[in-house]
K.L.:
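Attaching a single structure in structure tokens format; questions to follow.
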Amino acid sequence: MTLRIATWNINSVRIRIPLLKRLVREAAPDIVCLQETKVEDASFPLEELKALGFPHVHFSGQKSYNGMALLSKIKLDKVQCMAMAGSDHKRHMAATLPGGVELHNFYVPAGGDIPDPKLNPAYGFKLRFVEEMTDWARKKKGAKMILLGDLNIAPLPHDVWSHKQLLKVVSHTPAEVERLDALKEALTWCDVARHFKPEEKLYSWWSYRNRDWRKSDRGRRLDHIWVTPPLTPALKAFHIHKNARDWDSPSDHVPVMIDIGL
DNA sequence: ATGGTAGGTCTCCTA
């Protein structure tokens with residue numbers, strides 16, 4: 001079977017149900033992995049999401065911040081939300097797909113504004129979080145896995161609108177990129193976006209603070225889908241649903257998706 | 001060099 005799997009930092013699931021509906025209409029994903037649902041479980045809009053055509057909905061959230069969800073047309077096994085980096089933040093949710101393929105949905109901390117762990121604890125937390133992901137990955141040698149989500153790091157020069165102007169901006173600093181590279185090396189992950197589009201500028205996020213995001217086009221590729229080498233031959237397509245940035249009351253991130261044969 | 005917007009709210013914090 002071919003599955004279309006999407007990742008989307010939705011920045012509040014409750015106010016964007018119409019946008020999820022539109023994503024379903026335009027792209028028909030089989031599985032949607034959400035970050036930043038910003039809602040505690042008691043207030044999660046379960047029935048509304050089931051009504052969009054996802055009988056299998058899993059979520060783990062907290063008030064105001066973070067929060068993960070998986071929406072699926074197929075049954076998911078071994079669904080769990082794991083604590084990361086010594087915090088109680090909801091930033092990692094996993095499930096098992098047909099064929100024993102593990103799906104891992106991550107929301108890496110944004111890391112604040114100042115790229116110095118001594119002055120800005122949020123930045124230190126972000127670096128430690130990625131280091132812990134790397135320790136975790138090293139224990140997973142040989143597994144068939146998909147890692148996706150808002151990793152809040154744009155690693156390559158053509159993942160940002162200006163490499164030079166962003167070198168000291170959190171999301172593109174050498175310290176972050178080094179750590180993301182170490183995570184990528186740990187299992188020789190395939191970065192699916194670059195597997196299909198190795199050279200061109202690619203972004204998945206545009207700040208709310210630009211009055212015309214399309215005209216200024218100061219984007220960054222913060223949202224990623226990676227697969228372990230045994231899954232690389234199964235990749236069929238990659239797509240960034242850029243038009244979603246123009247929808248009414250949009251998230252600052254757009255959905256990113258793959259088609260993969262499992 | 002600066003400030004710009006959005007969401008959920010612990011009317012500020014995080015992004």
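So you know, we letter chains A, B, ... as the sequences are listed, proteins then strands, and number each from 1.
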K.L.:
Taking atom P in both dT5(B) and dT9(B), what distance in whole Å separates the two?
P.N.:
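Taking atom P in both dT5(B) and dT9(B), they lie 22 Å apart.
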K.L.:
Return the value, rounded to whole Å, for the distance between atom CD of Gln62(A) and atom C1' of dG8(B).
P.N.:
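So the two atoms are 12 Å apart, to the nearest Å.
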K.L.:
Separation of Asp252(A) atom CG from dG4(B) atom C1', in whole Å?
P.N.:
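Going from CG in Asp252(A) over to C1' in dG4(B) covers 14 Å.
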K.L.:
For dG3(B) and dG8(B), measure between their C1' atoms and round to the nearest Å.
P.N.:
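23 Å, rounded to whole Å.
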K.L.:
Trp205(A) has an atom CH2; how far is it from atom P of dA6(B), in whole Å?
P.N.:
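Rounded to the whole Å, the gap is 13 Å.
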K.L.:
Does this structure show an ion pair linking Lys75(A) with Asp77(A), if we count only N-O contacts that are shorter than 4.0 Å?
P.N.:
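Here Lys75(A) pairs with Asp77(A) in a salt bridge, since their nearest N and O are under 4.0 Å apart.
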K.L.:
Please pick, from dT9(B), dA6(B), dA15(B), the nucleotide with the shortest atom-to-atom distance to any side-chain atom of Lys63(A).
P.N.:
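Taking heavy atoms from C-beta onward, the closest nucleotide is dT9(B).
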K.L.:
Is any side-chain N of the basic residue among Arg4(A) and Asp30(A) closer than 4.0 Å to the acidic one's carboxylate O?
P.N.:
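Salt bridge: no.
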K.L.:
Between atom CZ in Arg209(A) and atom P in dA6(B), what is the gap in whole Å?
P.N.:
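Going from Arg209(A) (CZ) to dA6(B) (P), I get 11 Å.
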K.L.:
Which whole-number value in Å describes the distance from Asp248(A) CG to dG7(B) P?
P.N.:
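Result: 12 Å.
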K.L.:
If the threshold is 4.0 Å, N to carboxylate O, is there a salt bridge linking Asp191(A) and Arg221(A)?
P.N.:
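Yes, Asp191(A) and Arg221(A) are salt-bridged.
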K.L.:
Should Arg14(A) be listed as having a side-chain N or O under 4.0 Å from OP1 or OP2 of dT9(B)?
P.N.:
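Arg14(A) to dT9(B) OP1/OP2: side-chain N or O found under 4.0 Å.
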K.L.:
May I ask you to say what Arg16(A) touches in the nucleic acid, namely base, sugar-phosphate or nothing, with a heavy-atom cut-off under 4.0 Å?
P.N.:
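Touches sugar-phosphate only.
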K.L.:
Mind checking whether Trp213(A) and Tyr203(A) have ring centres under 6.0 Å apart?
P.N.:
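No - the distance between ring centres of Trp213(A) and Tyr203(A) does not fall below the 6.0 Å cut-off.
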K.L.:
Would His58(A) and His56(A) count as a close aromatic pair, with their ring centres under 6.0 Å?
P.N.:
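Ring-ring flag for His58(A)/His56(A): false, centres at least 6.0 Å apart.
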K.L.:
What is the distance, to the nearest angstrom, from the CZ atom on Arg211(A) to the P atom on dT5(B)?
P.N.:
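Going from CZ in Arg211(A) over to P in dT5(B) covers 8 Å.
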K.L.:
Closest approach to the side chain of Arg91(A), judged atom by atom: which nucleotide of dG7(B), dT9(B), dA15(B) is it?
P.N.:
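Per side-chain heavy atoms of Arg91(A), the pick is dA15(B).
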K.L.:
If you measure from the P atom in dA6(B) to the same atom in dA1(B), how many Å do you get, rounded?
P.N.:
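About 27 Å, rounded to a whole number of Å.
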K.L.:
Glu36(A) has a side chain; which of dG8(B), dG7(B), dA15(B) sits nearest to it?
P.N.:
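Among dG8(B), dG7(B), dA15(B), the one nearest the side chain of Glu36(A) is dA15(B).
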K.L.:
Between Tyr208(A) and Ser12(A), name the one whose nearest nucleotide on DNA chain B is closer to the 5' end.
P.N.:
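In this pair, the answer is Tyr208(A).
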K.L.:
Between atom CG in Asn210(A) and atom P in dA6(B), what is the gap in whole Å?
P.N.:
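Result: 11 Å.
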K.L.:
Check whether any side-chain nitrogen or oxygen of Ser249(A) sits under 4.0 Å from OP1 or OP2 of dG7(B), and answer yes or no.
P.N.:
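Yes.
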K.L.:
Specify the separation, in whole Å, of atom CG of Asp113(A) and atom P of dT5(B).
P.N.:
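Between P of dT5(B) and CG of Asp113(A): 16 Å.
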